[in-house]
Amino acid sequence: MPGRTTVLVTGGAGFIGSHTCVELLDHGYDVVVVDDYSNSSPGALERVAKIAARPPVAVHEIDLLDRRALSRVFDEHHIDAVIHFAAKKAVGESVELPVEYYDTNVGGTTALLRAMHDHGVHRLVFSSSCSIYGNATKVPLTEEDPAGPTNPYATSKWLCEQVLADTCRHLPRLSVLVLRYFNPVGAHPSGLLGEVPRGAVPNNVMPYLARVAAGRLPKLSVFGDDYPTTDGTGVRDYIHVMDVAEGHRVALEHLVGENGMRVFNLGTGQGTSVLELVAAFQRASGTSIPYEITGRRPGDVPALVADPSAVARAWNWTTTRDLTAMCEDVWRFQELNPSGYPN
């Protein structure tokens with residue numbers, strides 16, 4: 001047990017953030033959350049407290065760009081380390097709203113780094129993305145493969161990594177772990193916590209599948225069937241959100257005694273096409289999922305699959321949950337929470 005280490009989780013009410021809060025609480029950490037609820041719900045944090053059987057986490061509803069409010073959070077709590085999730089994350093939306101994505105994702109990161117420095121906090125786990133690899137010429141991808149972001153979301157994450165690398169060179173005491181995770185899906189196995197996207201049609205494929213299987217949407221749109229893949233649809237490395245949460249908790253343990261910035265992929269190393277995912281979800285839900293092929297989305301790429309061997313060597317850690325568990329957990333959450341979290 002790490003004792004009473006206090007972790008600030010930005011975007012802690014979001015999909016990955018809320019599951020990571022559960023993981024941290026289950027392992028004895030104290031948690032402080034900053035979230036503006038622009039793409040999340042306070043209901044997620046109520047579920048976090050219920051699952052962890054701990055008092056509700058300390059929550060501050062602020063925008064990271066509000067530097068005075070952010071500084072007050074650090075004044076109020078003795079923060080030992082930070083996990084930074086807060087960001088806009090939809091590829092298609094980023095193409096339409098590039099300035100907003102750079103403002104929120106890059107500006108929020110620089111504001112956080114300033115607050116950490118001003119308050120003597122030197123440990124950070126940064127939520128990055130496999131999307132920075134862009135149109136990869138090979139799979140699986142290692143951390144040494146070149147970046148080539150193809151959309152503003154991916155570019156914003158890549159720029160954040162550059163900011164962090166430069167800041168580590170400037171501040172030798174800073175210890176940063178950058179986790180480039182692939183496609184997080186799934187839900188907490190209790191069925192109490194999962195992904196609740198805003199809007200009528202989700203941007204991500206798994207909650208989209210769940211709503212079609214539940215009869216809330218008529219059919220799934222499959223964006224492109226002319227990619228150079230086995231069945232023409234995009235291939236991704238889907239990773240269970242609880243594995244992602246566990247990876248962030250393990251990362252915290254490896255910040256102590258290390259300086260500078262290190263980068264790791266988080267993934268399973270297994271690629272799954274959209275049509276293969278549809279078939280897996282049909283088996284898990286026992287329902288038929290109608291779909292239609294539509295045009296490619298701007299900024300999408302054919303295949304992104306991780307080589308997770310570096311983190312396995314460094315931490316003796318690997319993912320443990322397979323595609324069946326991912327689909328079954330999503331379907332359980334959908335059945336128990338047909339309209340998401342209560343308002």
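This structure is a prediction, so every number in the text was calculated from the model and none was measured.
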Can you tell me how far the [atom1] atom of [X] sits from the [atom2] atom of [Y], to the nearest 0.5 Å?
X    : Y    : atom1 : atom2 : answer
L336 : S190 : CG    : OG    : 8.5 Å
Y29  : T20  : OH    : OG1   : 12.0 Å
Y341 : E46  : OH    : CD    : 10.5 Å
L65  : D103 : CG    : CG    : 5.0 Å
S127 : L177 : OG    : CG    : 13.0 Å
N183 : C130 : CG    : SG    : 5.0 Å

Does a side-chain heavy-atom distance below 4.5 Å link [X] with [Y]?
X    : Y    : result
M326 : R321 : no
H60  : H77  : yes
L277 : V205 : yes
T5   : D30  : no
V31  : L25  : yes
V235 : L304 : no
D300 : Y227 : yes
I79  : H119 : no

Under 3.5 Å side-chain donor-acceptor pair for [X] and [Y]:
X    : Y    : result
Y238 : Q270 : no
D231 : S273 : yes
N151 : R297 : no
D237 : T268 : yes
E253 : W315 : no
H84  : T109 : yes

| task | Could you go through the side-chain contact (heavy atoms from CB on, under 4.5 Å) check for Y101 and E93 one step at a time? | result | CA-CA 9 Å; Y101 270 68; E93 183 184 64; 2.5 Å; yes
Name every donor-acceptor pair, under 3.5 Å, that has one atom in a side chain of residues 282-289 and the other anywhere in the protein, sequence neighbours excluded.
| unit_1 | atom_1 | unit_2 | atom_2 | d |
| --- | --- | --- | --- | --- |
| Q282 | OE1 | I289 | N | 2.9 |
| S285 | OG | F281 | O | 2.8 |
| S285 | OG | T287 | N | 3.4 |
| S285 | OG | T287 | OG1 | 2.7 |

If you group Ile, Leu, Val, Met, Phe, Trp and Tyr by side-chain heavy-atom gaps below 4.5 Å, do [X] and [Y] land in one group?
X    : Y    : result
V73  : V9   : no
F74  : L113 : yes
M116 : V176 : yes
V32  : V121 : yes
V201 : Y153 : no

Looking at [Y], is its backbone amide N or carbonyl O close enough to the side chain of [X] to form a donor-acceptor pair, meaning the two atoms are under 3.5 Å apart?
X    : Y    : value
H19  : G17  : no
D36  : L64  : no
N105 : Y102 : no
D118 : S71  : no
T10  : A86  : yes
R236 : G271 : no
K88  : A90  : no
N337 : G191 : yes
S94  : V91  : yes

| task | Just do the side-chain contact (heavy atoms from CB on, under 4.5 Å) check on M261 and V263 with the steps written out, would you? | result | CA-CA 7 Å; M261 186 177 105; V263 178; 3.8 Å; yes
Which pair of heavy atoms, one from [X] and one from [Y], lies closest together, and at what distance?
X    : Y    : result
P184 : V244 : CB-CG2, 4.2 Å
A245 : E23  : O-CG, 3.8 Å
G267 : P308 : O-CB, 3.4 Å
L193 : A44  : CD1-O, 3.6 Å

Carboxylate-amine/guanidinium proximity below 4.0 Å for [X] and [Y]:
X    : Y    : answer
R4   : D80  : no
D75  : R72  : no
D225 : R296 : no

| request: For salt bridge (charged side-chain N to carboxylate O under 4.0 Å, His left out), just list the numbers for R249 and D26, CA-CA rounded to whole Å, side-chain angles, deciding distance to a tenth of an Å, and then say yes or no. | output: CA-CA 10 Å; R249 190 259 304 165; D26 281 348; over 6 Å; no
| request: Would you please test S18 and H188 for side-chain contact (heavy atoms from CB on, under 4.5 Å) and show each step? | output: CA-CA 10 Å; S18 60; H188 192 273; over 6 Å; no
| request: Kindly write out the residues that satisfy side-chain hydrogen bond (donor to acceptor under 3.5 Å, both in side chains) with R180, not counting sequence neighbours, or none if the list is empty. | output: Y133, E161
| Does the ring centre of Y181 sit less than 6.0 Å away from the ring centre of H248? | yes
| message | What verdict does the side-chain hydrogen bond (donor to acceptor under 3.5 Å, both in side chains) test give for N259 and S175, after you've listed the backbone C-alpha separation in whole Å, the side-chain angles of each residue and the deciding distance to 0.1 Å? | response | CA-CA 4 Å; N259 296 325; S175 178; 5.4 Å; no
| request: Evaluate side-chain contact (heavy atoms from CB on, under 4.5 Å) for S309 paired with R313, printing each intermediate quantity in order. | output: CA-CA 6 Å; S309 61; R313 288 192 301 270; 3.3 Å; yes
